[in-house]
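Residue numbering restarts at 1 for every chain, and letters A, B, ... go by the order of the sequence lines. This one's a predicted model, so the numbers in the text were calculated from it and none came from an experiment.
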Amino acid sequence: MIRIHNSMGGAKEALQPLEPGRVGIYVCGDTVYDLAHMGHARSKIVFDVVRRYLMHSGYEVNFVRNITDIDDKIIRRAAEQQHPIKDFTEHYIAEMHRDYDALGILRPDHEPRATDYVQGMIDLTADLIAKGYAYVATNGDVMYGVAGFAAYGQLSGRRLADLRAGARVEIDEAKRDPLDFVLWKHSKPGEPAWPSPWGFGRPGWHIECSVMAEEFLGTRFDIHGGGLDLKFPHHENEIAQSCAASGDTFARLWMHNGFLTIDDEKMSKSLGNFFTVREALQVVRDPEVIRYFVLSSHYRGPINYSLEQLDQADAALTGIYTALRGRHSDERARASEYTRAFTAAMDDDFNTPLALAELKSLARALNFAHANGREEEAASLAAELRTLGGILGFLGVDAEAWLQKSKPAQALAAGSTATADAEIDELIARRLEARKRKDFGAADRIRDELAQAGVILEDVPGGATTWRRK
RNA sequence: GGCUAGGUGGCAGAAUGGUCAUGCAGCGGCCUGCAAAGCCGUCUAUGCCGGUUCGAUUCCGACCCUAGCCUCCA
């Protein structure tokens with residue numbers, strides 16, 4: 001039984017899909033006008049794990065994540081760089097896929113782009129006008145009138161009066177209410193535009209998700225997710241549009257991931273305090289380190305990005321890989337108490353920090369069994385560890401290979417790793433000779449030399465020497 | 001100002017009406033030529049003040065502090 005915290009109402013609820021055994025999820029994707037930053041990555045990783053875990057739990061998951069490929073920022077950036085909009089967005093969509101693929105995020109089952117669904121947005125807008133929820137403003141934009149939708153504010157727990165009182169929005173003469181939002185924006189000369197009953201223009205942001213979600217999941221579906229910053233007004237507006245038009249319930253469960261922070265401040269483009277996924281990939285041994293870092297705190301809470309945090313994630317994950325050294329992945333796993341604890345943690349609103357703690361405990365049990373010569377038990381625990389790690393998208397790397405990996409940024413600074421690897425083997429061979437001669441002084445000098453380069457030697461029983469990078 | 005989260009050991013981070021996970025760091029031991037890795041053991045915490053209770057870190061109230069939303073934002 002999987003329980004999920006529903007942002008609508010704020011309580012944990014049992015997941016009861018509309019259709020038994022099948023779950024439909026819509027997650028708000030990125031606006032493609034720049035490289036993805038770590039805040040975007042967090043959201044992607046969180047919902048990737050939600051999806052993977054549901055699949056693991058036996059659900060057939062229909063996972064939809066949109067791409068916003070038309071909006072003011074895109075138009076401005078493309079114009080600045082003197083690229084046609086389409087080329088510009090195609091470029092950043094490709095870059096986005098490159099980053100998310102590197103992070104091991106599964107591609108969505110459907111990844112609709114807003115510009116392919118403009119007709120649907122026109123239709124929905126017309127429907128909202130016909131039903132009295134929207135109006136054509138004096139400036140030619142089509143606006144949604146929030147006062148007409150009684151449940152407005154339900155998701156974010158706000159009352160219209162409170163919102164108006166604290167409104168920082170400029171008073172727009174065209175709006176009947178300062179909180180009204182644009183469904184259809186009339187275009188200025190030179191801007192991308194689609195013909196509509198209200199003249200040439202482009203869709204507003206919120207209407208995109210309403211249309212694309214309905215297109216793939218219907219007017220009622222199981223889970224809608226996204227970053228906490230989308231809760232208001234984006235998701236609130238989606239609800240207002242979709243529910244007003246269809247009379248249906250739209251998403252039954254809302255999930256919002258917390259922010260990624262830098263020095264405890266939200267990472268965002270506007271603050272300029274962001275690190276791109278690409279930058280982060282340069283400073284980790286393997287993308288799994290980033291995944292581990294993200295999952296090491298609960299998805300609803302904040303998580304602070306720093307090199308120290310990434311190092312901690314690396315240390316934890318390296319510890320798990322160390323336990324898996326010399327273990328083959330073809331051994332059969334027997335579900336033990338660790339699997340039960342892991343499952344209980346994940347079932348309880350995807351408590352990944354607790355689930356990871358179980359992985360670490362499992363690794364220790366594995367080491368303990370090995371230290372006591374119980375190899376059969378160790379093998380079984382290793383297989384179990386791989387299985388559980390795999391559910392979260394981990395442990396896809398060969399253990400020895402993992403330990404010898406270097407951080408791209410460091411490798412770049414130190415020169416080619418291929419050369420370095422050959423040198424390491426050479427030095428290890430020479431040290432072995434010295435040790436045979438009992439010339440420990442010479443042997444230790446070699447070991448120190450390698451340690452200087454971040455390479456740690458380990459003499460394993462039987463006379464062999466393995467190495468790993470710090 | 002309104003609203004929403006949250007304040008746990010040196011760091012990160014779960015959980016919980018009574019013995020407070022897990023990892024890193026520290027300390028002691030085993031192992032090792034010495035190390036490393038691993039194993040065993042071990043130290044350190046629940047913002048502040050009241051209340052409820054046999055007992056609160058956990059429930060309630062006030063206060064302080066932090067972050068976020070109220071404008072585009074994962």
Side-chain angles (χ1 to χ4, degrees), chain A residues 7 10 27-31 33 36-47 65 68 71-73 153 156-159 161-170 178-179 205 225-234 236 256-261 264-271 274 292-293 296-298 300-304 306 308-309 311-320 322-323 325 341 345 348 351-361 363-364 366-372 403 435 438-441 443-444 447-448 451 456-461 465-468 470:
Chain A
S7 302
V27 177
C28 291
D30 300 346
T31 300
Y33 68 98
H37 66 58
M38 286 298 294
H40 299 112
R42 182 187 190 188
S43 182
K44 301 305 169 296
I45 290 170
V46 161
F47 288 104
R65 190 181 66 217
T68 296
D71 115 308
D72 290 355
K73 284 190 291 275
S156 51
R158 289 154 211 258
R159 292 183 303 268
D162 293 340
L163 286 166
R164 289 189 191 108
R168 282 188 271 159
V169 288
E170 295 165 43
L179 297 168
W205 176 41
L228 190 58
D229 44 1
L230 299 183
K231 194 172 179 183
F232 186 91
H234 184 55
E236 201 72 73
H256 293 98
N257 64 274
F259 295 126
L260 187 93
T261 59
D264 296 319
E265 282 196 325
K266 180 185 172 186
M267 179 184 287
S268 73
K269 294 249 167 98
S270 45
L271 287 174
F274 62 90
Y292 195 99
F293 157 68
S296 65
S297 44
H298 189 82
R300 282 190 278 117
I303 183 170
N304 201 44
S306 70
E308 290 72 27
Q309 291 287 77
D311 283 344
Q312 282 213 15
D314 180 81
L317 202 42
T318 295
I320 291 173
T322 301
R325 271 179 138 171
D348 183 14
N351 191 337
T352 54
L354 190 53
L356 291 178
E358 291 304 327
L359 254 46
K360 287 179 279 194
S361 296
R364 181 145 62 144
L366 194 175
N367 287 330
F368 181 77
H370 176 62
N372 289 282
L403 294 166
R435 290 184 72 211
K438 302 275 184 201
D439 183 356
F440 294 120
D444 289 352
R447 188 168 62 195
D448 291 345
I456 296 173
L457 300 189
E458 298 177 347
D459 299 325
V460 294
T465 297
T466 58
W467 64 274
R468 65 191 168 84
K470 200 179 173 186

B:G33 base stacked by A:F440? Criteria: ring centres under 5.5 Å, plane angle under 30°. yes

Those residues that, when tested against A:H256, pass ring pair (Phe, Tyr, Trp, His ring centres under 6.0 Å) (two or more places apart): A:H235

Interface polar pairs with nucleotides 25-28 of chain B, N/O, under 3.5 angstrom:
none

Can you say whether a donor on the side chain of A:D459 sits under 3.5 Å from an acceptor on the base of B:C34, or the other way round? yes

Ignoring hydrogens and geometry beyond distance, is the side chain of A:D229 in donor-acceptor contact with the base of B:G68 at under 3.5 Å? no

RNA chain B stem ranges, 3 or more consecutive Watson-Crick or G-U pairs under 3.5 angstrom: B:1-7 with B:64-70, B:10-12 with B:22-24, B:26-30 with B:38-42, B:49-51 with B:59-61

Between B:C73, B:G33, B:C69, which nucleotide gets closest to the side-chain atoms of A:S268? B:C73

Tell whether A:R447 reaches the base of B:A35 with its side chain through a donor-acceptor pair below 3.5 angstrom. yes

For nucleotides 5-10 of chain B, list the nitrogen or oxygen atoms of the protein found under 3.5 Å from its nitrogen or oxygen atoms, one pair per line.
none

Polar pair under 3.5 Å, donor/acceptor by atom type, side chain A:R159, base B:C3: no

Tell me whether the side-chain N or O atoms of A:K73 pair up with the base of B:C73 as donor and acceptor below 3.5 Å, since no angle test is needed here. no

Name the pairs: protein N/O against N/O of nucleotides 39-48 of chain B, kept only if under 3.5 Å.
residue	atom	partner	partner atom	Å
B:C39	OP1	A:N367	ND2	3.2

Under the rule for ring pair (Phe, Tyr, Trp, His ring centres under 6.0 Å), what residues qualify as partners of A:W467, not counting sequence neighbours? none

